[in-house]
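Order of the sequence lines fixes the chain letters, A, B, ..., with proteins taken first and strands second; residue numbering starts at 1 for each chain.
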2 protein chains.
Amino acid sequence: MTEKKLTLQLDSHSGLPIYTQIVNQIQSQLVNGILKPGDQLPTVRALAQELRVNFNTVARAYRMLDEARIISTQQGRGTYITEIPPPEVSEKLRHESLSALTHRFLNEAFRLGFSEREVSQMVRDSLKAWKEANDEDSE
Amino acid sequence: MTEKKLTLQLDSHSGLPIYTQIVNQIQSQLVNGILKPGDQLPTVRALAQELRVNFNTVARAYRMLDEARIISTQQGRGTYITEIPPPEVSEKLRHESLSALTHRFLNEAFRLGFSEREVSQMVRDSLKAWKEANDEDSE
DNA sequence: GTACAATGATACAATTAGTACAATATAAGG
DNA sequence: CCTTATATTGTACTAATTGTATCATTGTAC
């Protein structure tokens with residue numbers, strides 16, 4: 001599902017900034033299923049050329065989508081749609097999803113020979129580090 | 001114990017560079033015992049072909065592992081897991097391996113929109129369930 | 001005119017790919 | 001055996017492709 005064409009329609013008279021139009025239309029295409037999780041988006045330069053705009057404008061749109069966790073931009077590699085579960089998924093599904101993810105993690109850890117104690121300690125430490133990093137960001 | 005197949009799983013949109021993924025997974029397999037001291041790794045070109053990446057990307061990963069004294073790369077000969085899991089390397093590796101695994105897990109969970117609270121609760125529950133299952137086994 | 005948002009230009013950094021090379025091993029010829 | 005040619009392996013350097021950061025320019029509202 002890589003190598004998306006991504007046909008966007010910009011409207012100069014809409015009053016909306018170009019980057020906003022890009023953001024909106026990518027979101028729309030994701031909701032409509034035209035774009036799917038895992039899809040690779042065009043490079044900022046490729047899309048910019050197609051839309052006849054500066055690539056920084058596309059980069060700005062991508063950055064907004066990245067901050068919204070909708071896409072994942074990776075310097076030197078490309079830009080991908082993330083795999084966020086749709087907001088309408090039930091709490092039950094959410095729970096099952098996390099449960100499955102956690103089981104895969106624990107399975108792997110135990111397969112590697114780590115003890116319950118080591119694993120739970122590492123999770124605690126990592127969560128703590130994560131929280132501190134996020135606190136710094138929001139300052 | 002030479003001629004290892006070395007099955008690695010790359011994820012294009014994990015956010016981690018390919019060379020980092022290679023490093024992490026080789027470290028894990030060493031900690032796990034899938035790879036043992038003295039084992040010969042695939043050549044940079046062979047592994048690159050299997051992973052469908054440029055051989056310089058593999059070479060970069062090998063160089064990082066070499067600098068960490070985990071493997072020994074020898075021009076014209078090949079690449080081998082270091083014989084003596086040197087002084088402090090072994091325990092350090094174990095720790096780093098678990099740390100990397102945990103970070104991948106947390107990253108994925110947060111990317112899926114779960115909160116710290118949900119994650120830590122799920123880990124606790126799962127560990128508890130695991131322990132009880134093991135207790136039953138040993139009765 | 002001033003202020004501010006939008007866009008463009010330029011330089012940069014990270015990752016991966018391409019090309020040529022050096023060291024070692026292996027096999028062939030003598 | 002020893003020498004030499006060839007293949008195999010990792011290395012070094014460079015280029016190409018990607019997103020990022022910073023500042024300049026433009027255009028519009030007040």
Discussion item. Using the rule that Ile, Leu, Val, Met, Phe, Trp and Tyr join whenever any side-chain heavy atoms are under 4.5 Å apart, tell me whether Leu47(A) and Leu16(A) fall into a single cluster.
Written reply: no

5' to 3', nucleotides 6-16 of chain C under a 4.0 Å protein heavy-atom cut-off (B base, S sugar-phosphate only, - none) gives SBBBBB-BBBB

note: Gln40(B), atom CD; dA25(C), atom P; distance rounded to Å ~ 12 Å

Gln74(B) atom CD is separated from dA25(C) atom C1', nearest whole Å, by 12 Å

Separation of dT11(D) atom P from Met64(B) atom CE, nearest Å, is 14 Å

message: Go through it in stages, so that I can follow the logic: the residues are Glu67(B) and Arg63(B), the test is side-chain contact (heavy atoms from CB on, under 4.5 Å), and I'd like the CA-CA distance, side-chain angles, deciding distance and then a yes or no.
response: CA-CA 6 Å; Glu67(B) 287 168 355; Arg63(B) 182 156 48 84; 3.7 Å; yes

In Watson-Crick or G-U wobble terms, with both distances under 3.5 Å, the base opposite dC30(D) is dG1(C)

Polar side-chain atom of Asn54(A) near backbone of Asn56(A) as donor-acceptor pair, under 3.5 Å: yes

- Query: Is any side-chain N or O of Thr73(A) closer than 4.0 Å to OP1 or OP2 of dT18(D)?
  - Reply: no

dT18(D) phosphate, OP1 or OP2, under 4.0 Å from Thr79(A) side-chain N/O
no

Checking the side chain of Gln29(B) only, and the main-chain atoms of Thr7(B) only, is there a donor and an acceptor separated by less than 3.5 Å? yes

*asked:* Looking at Thr43(B), I'd like to know whether one of its side-chain N or O atoms comes within less than 4.0 Å of OP1 or OP2 on dT8(D).
replied: no

Taken to the nearest whole Å, CD/Glu67(B) to P/dA12(D) is 10 Å

| message | For Gln49(A), is the CD atom crowded, meaning more than 12 foreign heavy atoms sit under 6.0 Å from it? | response | no

The single option from Thr79(A), Thr73(A), Thr82(A) that satisfies side-chain hydrogen bond (donor to acceptor under 3.5 Å, both in side chains) with Asp66(A) is Thr73(A)

